[in-house]
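Have a look at the structure below, then the notes.
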Amino acid sequence: MTLHALWRGCGHAAPGACRRHLASLERFVEREVAEPHFEAAREHLFPVYRPVGSPSPGPEVLRAPAPEGLEGFISFEEGAFCALVTERQAGAWGMGPAALMALALHNLDRVPATPRRHLATPLGLRAAAAGEFGFTLLSFEAGDGYDAARPFARAHQALLAAHWPGGWFAALPSPSFALLAPEGEPEGEALLTSIARAEGERTGFGSALFTLPPFHQM
């Protein structure tokens, strides 16, 4: 039975039958939201990385591969609805955690987010203005909850390589933020380490620090 048929049937039913129709409608919505078909869901899966020690999302949530120091999850997002994929859903789809994470990273790369440039000044860190050259730090802060995964996605790594051909020193204090300094640049590395430490003290969960190799070596 379709959602439209359930709703239409309620409009012509007696009160008791209408309640049964509404109960069926509720079960229909719960089933479709909780277990969308894989072909319908595959383009709506995205990677979530966050520091180890962050609050647990629950034992039913699927744990996916992630770099050391991070926990990996898969987000299903469609319109205003967003939820972490569970082990039950992954099993129903016949998909393992590694395959789902690879697909999620691929989906994230479909529309790459441009990294923002920041300059260190005597008054602190500020955003680089349009037409202003150089940077001390780069950040991914699209605000969609997937920024910590962007430095590990190929199309985003290519964007980083356009700014700096070498490796990167990266801080990932939360799923919604990634901060990067060119490896071997003492000013940027010291500033990034200080920011990461302060953020870890503020949240109490720490901030994962990484060294990323040059793009051509990834």
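Heavy-atom basis, side chains included; hydrogens, waters and symmetry copies ignored.
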To the nearest 0.5 Å, atom CG of Leu100 lies from atom CE of Met95 at 4.5 Å

Distance col, row Leu70:CG vs Phe152:CZ, nearest 0.5 angstrom, shows 5.5 Å

Heavy-atom distance under 4.5 Å between the side chains of Pro151 and Leu180, does that happen here?
-> yes

Margin query: What I'd like to find out is whether the side chain of Thr211 reaches to under 4.5 Å of the side chain of Trp168, using heavy atoms alone.
Written below: no

So OH of Tyr146 and OH of Tyr49: to nearest 0.5 Å the spacing works out to 13.5 Å

Glu77 and Ser75 side chains, donor-acceptor separation under 3.5 Å = no

Q | Co-membership, hydrophobic cluster, residues Phe46 and Val61, 4.5 Å side-chain | A | yes

Across all chains, not counting sequence neighbours, the ring-ring contact (aromatic ring centres under 6.0 Å, His included) partners of Phe169 are none

For Pro36 and Trp93, the nearest pair of non-hydrogen atoms, with its separation, is O-NE1, 2.7 Å

Here the pair of heavy atoms bringing Ser139 nearest to His118 is OG-NE2, 2.8 Å

Item to complete: Look at the side-chain heavy atoms of Ile, Leu, Val, Met, Phe, Trp and Tyr, link any pair under 4.5 Å apart, and say whether Val111 and Val48 land in one connected group.
Response: no

Can you confirm whether Phe140 sits close enough to Pro112 that some side-chain heavy atom of one is under 4.5 Å from a side-chain heavy atom of the other? no

Heavy-atom closest pair (Ala64 atom, Met101 atom, distance to 0.1 Å) is CB-CE, 3.6 Å

So the side-chain hydrogen bond (donor to acceptor under 3.5 Å, both in side chains) pairs with at least one residue in residues 97-114 (sequence neighbours excluded) are Asn107-Arg110, Asp109-His156

Rounding to 0.5 Å, atoms CH2 (Trp164) and CG (Leu138) come to a distance of 11.0 Å

In short, Gly188 meets Leu137 closest at the heavy-atom pair O-CD2, 3.5 Å

Separation between CZ (Arg117) and OG1 (Thr136), nearest 0.5 Å, reads 10.5 Å

For residues 122-140, the salt bridge (charged side-chain N to carboxylate O under 4.0 Å, His left out) pairs (sequence neighbours left out) are Arg126-Glu132

side-chain hydrogen bond (donor to acceptor under 3.5 Å, both in side chains) pairs touching residues 58-74, sequence neighbours excluded, are Ser56-Arg63

Smallest heavy-atom separation, Ala149 atom then Pro47 atom, equals CB-CG, 3.7 Å

Quiz item: Taking C-beta and beyond as the side chain, do Leu103 and Ile74 meet within less than 4.5 Å on heavy atoms?
Solution: no

task: Decide if atom CD of Glu141 counts as having more than 12 heavy atoms of other residues, nucleotides or ligands within a radius under 6.0 Å.
output: yes

So the side-chain hydrogen bond (donor to acceptor under 3.5 Å, both in side chains) pairs with at least one residue in residues 176-195 (sequence neighbours excluded) are none

Practice problem: Could you state whether Leu108 and Phe76 fall into the same hydrophobic cluster, counting links through intermediate Ile, Leu, Val, Met, Phe, Trp or Tyr residues with side-chain heavy atoms under 4.5 angstrom apart? | Solution: no

Value for CZ (Phe73) from CZ (Arg50), rounded to nearest 0.5 Å, stands at 4.5 Å

In terms of heavy-atom contacts, Ala178 and Leu172 come closest through CB-CD2, 3.5 Å

Sorted by chain and number, sequence neighbours left out, side-chain contact (heavy atoms from CB on, under 4.5 Å) with Ala142 holds for Ala113, Asp144, Asp147, Arg150

Between Leu160 and Phe215, is any pair of side-chain heavy atoms under 4.5 Å apart?
no

A side-chain contact here means heavy atoms from C-beta on lying under 4.5 Å apart; do Pro165 and Pro214 qualify? no

